[in-house]
Amino acid sequence: MNIDEQLELLTARHVDLFSAGELKRKLAAAAKEKRGLRIKYGADPSAPDIHLGHAVGLNKLREFQDAGHTVVFIIGDFTGMIGDPSGKSATRPALSREQVSANAESYKQQVFKILDPEKTEVRFNSEWLGGMKFEDVIRLSAHVTVAQLLARDDFSKRYADNRPISLVEFLYPLVQAYDSVMVKADVELGGTDQLFNLLLGRELQKVYGQEPQVVMTLPLIEGLDGVQKMSKSLGNYVGINESAKEMFGKLMSVSDELMWKYFLHILCRKPAEIEAMQAGVASGELHPRAVKDELGRCVVDRFLGEGEGQKASEEFARIFAQKELPDDMPDVKLSGETGIIDLVVKAGFAPSNSEARRLIQQGGVRINDEQISDVKAVIKPVDGMILKVGKRKFARIVC
RNA sequence: GGUAGGGUACCGAAGCGGUCAAACGGGGCAGACUGUAAAUCUGCUGGCUAUGCCUUCGAAGGUUCGAAUCCUUCCCCUACCA
């Protein structure tokens with residue numbers, strides 16, 4: 001691949017890029033010296049669940065790796081104690097050493113579903129931050145002004161609205177920028193919310209006499225609700241370690257408009273290909289459901305193995321289109337007649353009797369496909385009876 | 001240190017002596033419909049041995065027949081001025 005081809009591939013799908021010219025120069029220099037660039041990517045250690053939102057960035061990293069570059073994957077075990085400013089809480093409980101290493105293992109296991117382990121350098125930022133003295137922190141802080149930090153959109157807005165900004169939050173971008181200095185990053189990748197932090201890395205590298213890193217941001221994709229960014233705390237995410245059934249089902253619940261974004265950023269489909277599908281749907285030739293089915297199958301295959309997507313798709317069609325029973329469902333053991341409320345609670349489908357009562361009254365409870373709407377109904381258990389609550393909760397009764 | 005404004009259910013936010021298990025919005029759940037766990041529409045959304053009872057509006061006391069609402073003390077948060 002020549003430099004221009006590489007550049008085109010590597011910059012696809014980006015939002016911000018500072019700058020294409022610099023990247024090109026770096027690529028050329030690296031090629032000449034027969035070395036790879038160092039691509040930095042930071043991860044927060046407190047939530048070791050990688051989801052499809054992360055896949056957007058990881059996919060890009062993989063493209064860099066395939067082009068011969070090295071990914072420096074930084075696990076922010078130290079910054080994790082601070083908490084990212086975009087979050088609600090300014091501070092988080094510090095993680096213990098064991099937690100950090102357990103999370104790190106979990107991270108690697110997930111991340112390497114996308115990244116090439118051979119071309120990944122995993123680092124913890126406590127490595128260099130942990131040993132810093134307060135004096136060092138002061139010296140580091142001296143390089144940045146409050147005005148610079150207030151330039152960050154999130155900060156300036158909060159400041160203007162008289163909403164609190166904690167001092168640690170101010171420190172966060174600084175620390176992240178310092179990471180870039182320490183790992184001598186050539187390029188840093190992040191979500192668009194990271195733009196400020198990434199750019200500060202450039203400033204700090206200059207202060208430390210390094211060539212500033214190229215900064216590239218990728219979009220934050222919306223989660224299942226189609227509105228909010230995909231995130232663990234909002235619960236609108238698809239984890240890459242979830243079961244095929246869950247993963248497929250969640251993807252099918254994505255709105256028709258949003259699925260195109262997933263094709264682009266999660267599956268890295270070519271824009272032309274996506275436009276062709278969109279045209280197909282618009283003309284009525286292609287059914288949106290079929291397109292979404294393909295999305296589901298491809299994503300499941302990608303993370304859980306070839307063929308898993310097909311299986312998940314078939315099971316989904318069986319349960320929701322043909323209203324048949326799933327392959328496996330939990331057992332509920334009954335020993336004698338049981339009130340319907342008790343049964344629903346016992347199966348774990350309602351957290352309280354009141355909730356179970358509501359479900360029954362709303363017609364959401366079925367036994368052997370027969371709606372039970374009487375709250376006082378008593379069930380005579382028969383081995384193999386099927387309890388269904390809502391559209392997707394099933395249990396088999398055993399006695 | 002001073003001044004002002006706050007702490008209400010999963011979240012945001014009304015309520016400011018009874019009609020408050022607490023408006024409204026979001027989220028969640030259920031139903032209808034469908035092309036699907038899309039979209040849309042409707043309903044529900046503290047708990048219980050359930051036409052009643054119990055616990056909840058930062059905490060503890062108090063006033064009152066009656067408090068999320070008034071008083072006292074305390075805890076916490078925020079902004080502004082020093």
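Just so it is clear: chains get the letters A, B, ... in the order the sequence lines come, proteins before strands, and each one is counted from 1. All values derive from a computational prediction rather than experimental measurement.
Regarding contacts with the backbone of B:C29, a side-chain N or O of A:Arg392 is found under 4.0 angstrom from either OP1 or OP2. Dashed line: the shortest gap from a side-chain N or O of A:Lys376 to OP1 or OP2 of B:A50 is not under 4.0 Å. Taking side-chain N and O atoms only, A:Asn353 has a distance below 4.0 Å to OP1 or OP2 of B:U49. The side chain of A:Ser253 places no N or O atom within less than 4.0 Å of a non-bridging phosphate oxygen (OP1 or OP2) of B:U36.
Here the separation of B:U45 from B:A23, taken at their P atoms, is 10 Å to the nearest Å. Rounded to whole Å, the separation between the C1' atoms of B:G25 and B:U72 comes to 36 Å. B:U34 and B:C44 have their P atoms separated by 24 Å, with the value rounded to a whole Å. Here the separation of B:A13 from B:C80, taken at their C1' atoms, is 24 Å to the nearest Å. Taking atom P in both B:A68 and B:A9, one finds a spacing of 14 Å when rounded to whole Å. Between B:G6 and B:G47, the distance separating the two C1' atoms is 30 Å to the nearest Å. When the C1' atom is compared between B:G28 and B:G17, the two are found 34 Å apart, to the nearest whole Å. For the P atoms, the distance from B:G27 to B:A38 is 13 Å, rounded to whole Å.
Clustering ILVMFWY residues whenever any of their side-chain heavy atoms sit less than 4.5 angstrom apart, transitively, puts A:Met385 in the very cluster that holds A:Leu343. By the rule that hydrophobic residues join a cluster once side-chain heavy atoms approach within less than 4.5 Å of another member, A:Leu17 and A:Leu220 end up as members of separate clusters.
Across every strand in view, B:A21 sits unpaired, with no contact that passes the Watson-Crick or G-U test at under 3.5 angstrom. As the counterpart of B:C70, B:G62 is assigned, both hydrogen-bonding distances of the Watson-Crick or G-U wobble pattern falling under 3.5 Å. The partner of B:A37, taking Watson-Crick or G-U wobble pairs whose two distances both stay under 3.5 Å, does not exist in any strand shown. As the counterpart of B:G28, B:C44 is assigned, both hydrogen-bonding distances of the Watson-Crick or G-U wobble pattern falling under 3.5 Å. B:C57 is unpaired under the criterion used here, namely a Watson-Crick or G-U wobble arrangement in which both key atom distances are under 3.5 Å. Nucleotide B:G1 has B:C81 as its partner under the Watson-Crick or G-U criteria, with both atom distances under 3.5 Å.
The base of B:G31 has none of its N or O atoms less than 3.5 Å from a complementary donor or acceptor on the side chain of A:Gln362.
The residue A:Gly390 sits close only to the backbone: its heavy atoms come under 4.0 Å of sugar-phosphate atoms, none of a base. Residue-level contact check: A:Arg358 touches the backbone only, with heavy atoms under 4.0 Å from sugar-phosphate atoms and none from bases. Residue A:Ser354 is classed as a base contact, given a heavy-atom separation below 4.0 Å to a base.
Donor-acceptor pairing under 3.5 Å is recorded for the side chains of A:Ser106 and A:Gln110. A donor and an acceptor atom, one from each side chain of A:Glu314 and A:Gln310, are located under 3.5 Å apart.
For A:Lys391 and B:A30, the NZ to P distance is 7 Å, given to the nearest whole Å. Atom CZ in A:Phe316 sits roughly 10 Å away from atom C1' in B:G35 (whole-Å rounding). Put simply, CZ on A:Arg357 is 12 Å from C1' on B:U51, counting in whole angstrom units. The CD atom of A:Glu246 sits 14 Å away from the P atom of B:A37 (whole-angstrom rounding). One interatomic measurement links the two molecules: CE of A:Met252 to C1' of B:G35, which rounds to 9 Å at whole-angstrom precision. Atoms CD (A:Glu355) and P (B:A9) sit 19 Å apart, rounded to a whole Å.
Electrostatic pairing of A:Arg297 and A:Glu294 does not count as a salt bridge here, judged by no charged N lying under 4.0 Å from a carboxylate O. A salt bridge is absent between A:Lys388 and A:Asp369; no separation between the charged side-chain nitrogens and carboxylate oxygens falls under 4.0 Å.
Mapping A:Lys292 and A:Gln228 onto RNA chain B via the closest heavy atom, the residue that lands nearer the 5' end is A:Gln228.
Ring geometry for A:Tyr237 versus A:His51: interplanar angle of 30 to 60°, hence tilted.
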